[in-house]
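All of these numbers come straight from a predicted model, not from anything done at the bench. Numbers here simply count residues along the sequence, with the first being 1.
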Amino acid sequence: QKDGELFKVATSSIPIAPTIKEEIPEIIQAARAAGSRVFGGKDVISYEGNNWFIEDGIIADTALFGILKFDIIAGNKNAPLPHHDGVVLEKTWVKTIFGNQDPLGKMVKIGTNFGNKDFEVTAVYDKSVFQSHMEPSFIISMANNQWNSFFNIEETNWVGNNMVFS
């Protein structure tokens, strides 16, 4: 339950995506994504002393961009997360945070259950074009050090921790 409402999510255990890619030759790409809702709440994004609660952020394998066709409207369409400390923001949040400024290359701080971390805005996407049950406000790499250590610990845990979309 979340906020008194039944919260349903179709998730799987952490090792499924990498294992099926490794063991089934017909699988071309596989990716995992975990939403902040799974970890219990809102994240905070900060820029130049201003803070916003931001819901529906996801942490994902970068292969996600090769599977789901996000409408990247700024940044590198082929590699929206070129490094582990990048963040892809949804365009309505870009407008809220940066106004009319170009967000690319700017640093924001995102506070999650795993602590606060600085991220470089590397791409912007338009969710009005993107059709999925996931409509993330931001996407950061699962390879980011804060998240990578957690997912590596659970990498062989097939039972429990069914918290990722695969």
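- Looking at every heavy atom in both residues, Ala31 comes nearest to Leu64 through CB-N, 3.5 Å.
- Formation of a donor-acceptor pair under 3.5 Å by the Asp61 side chain with backbone atoms of Ala63 is not found in this model.
- Counting all heavy atoms, side chain and backbone alike, Val124 lies closest to Pro103 at CG2-CG, 3.8 Å.
- Within the 4.5 Å cutoff, the side chain of Asp85 has heavy atoms near those of the Lys117 side chain.
- Taking the six-membered ring for Trp and thresholds of 30 and 60 degrees, Phe65 and Phe70 have ring planes inclined between 30 and 60 degrees apart.
- Here the side chains of Val87 and Val108 are in contact, with some heavy-atom distance below 4.5 Å.
- The 12-atom threshold is exceeded at NZ of Lys106, counting heavy atoms of other residues, nucleotides or ligands nearer than 6.0 Å.
- When all heavy atoms of Leu81 and Ile139 are compared, the pair lying nearest together is CD2-O, 3.9 Å.
- Under a hydrophobic clustering in which Ile, Leu, Val, Met, Phe, Trp and Tyr are joined whenever their side-chain heavy atoms come within less than 4.5 Å, directly or via other members, Met107 and Ile45 fall into different clusters.
- Glu135 is not listed as a side-chain neighbour of Glu90, based on a closest heavy-atom distance of 4.5 Å or more.
- Smallest separation of non-hydrogen atoms from Asp118 and Lys109: OD1-NZ, 3.1 Å.
- Side-chain atoms of Val88 and Phe138, non-hydrogen and from C-beta on, never get closer than 4.5 Å to each other.
- Taken from CD1 in Ile110 to OG in Ser46, the straight-line distance is 9.0 Å, to the nearest 0.5 Å.
- A distance of 5.0 Å separates CD1 of Ile67 from CD of Gln29, quoted to the nearest 0.5 Å.
- When the shell of 6.0 Å around CD1 of Ile28 is examined, it contains 12 or fewer heavy atoms from other residues, nucleotides or ligands.
- Closest non-hydrogen pair, Glu120 versus Gly105, comes out as OE2-CA, 3.5 Å.
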Intermediate values then yes/no, side chain to side chain contact (heavy atoms under 4.5 Å, CB included), Thr96 and Trp52: CA-CA 9 Å; Thr96 299; Trp52 297 268; 3.6 Å; yes

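- Between the side chains of Lys95 and Asn100, at least one donor N or O lies within less than 3.5 Å of an accepting N or O.
- A 4.5 Å side-chain heavy-atom check between Thr122 and Leu104 finds every atom pair outside the cut-off.
- Side-chain atoms of Phe119 and Ile140, non-hydrogen and from C-beta on, do get closer than 4.5 Å to each other.
- When side chains are defined from C-beta on, Phe98 counts as touching Val121, because their heavy atoms get closer than 4.5 Å.
- A donor atom on one side chain and an acceptor atom on the other are not found under 3.5 Å apart for Ser137 and Asp56.
- Smallest separation of non-hydrogen atoms from Ile58 and Pro136: CG1-CB, 3.7 Å.
- Of the possible polar contacts, one joining the Lys69 side chain to the Gly66 backbone as a donor-acceptor pair under 3.5 Å is found.
- In this structure, Asp71 and Tyr125 have side chains that are not in contact, with every pair of non-hydrogen atoms separated by 4.5 Å or more.
- Tracing side-chain contacts under 4.5 Å through hydrophobic residues (I, L, V, M, F, W, Y), one never reaches Val44 starting from Trp93; they form parts of separate clusters.
- In this structure, the separation between CD1 on Ile27 and CD1 on Ile20 is 4.5 Å, given to the nearest 0.5 Å.
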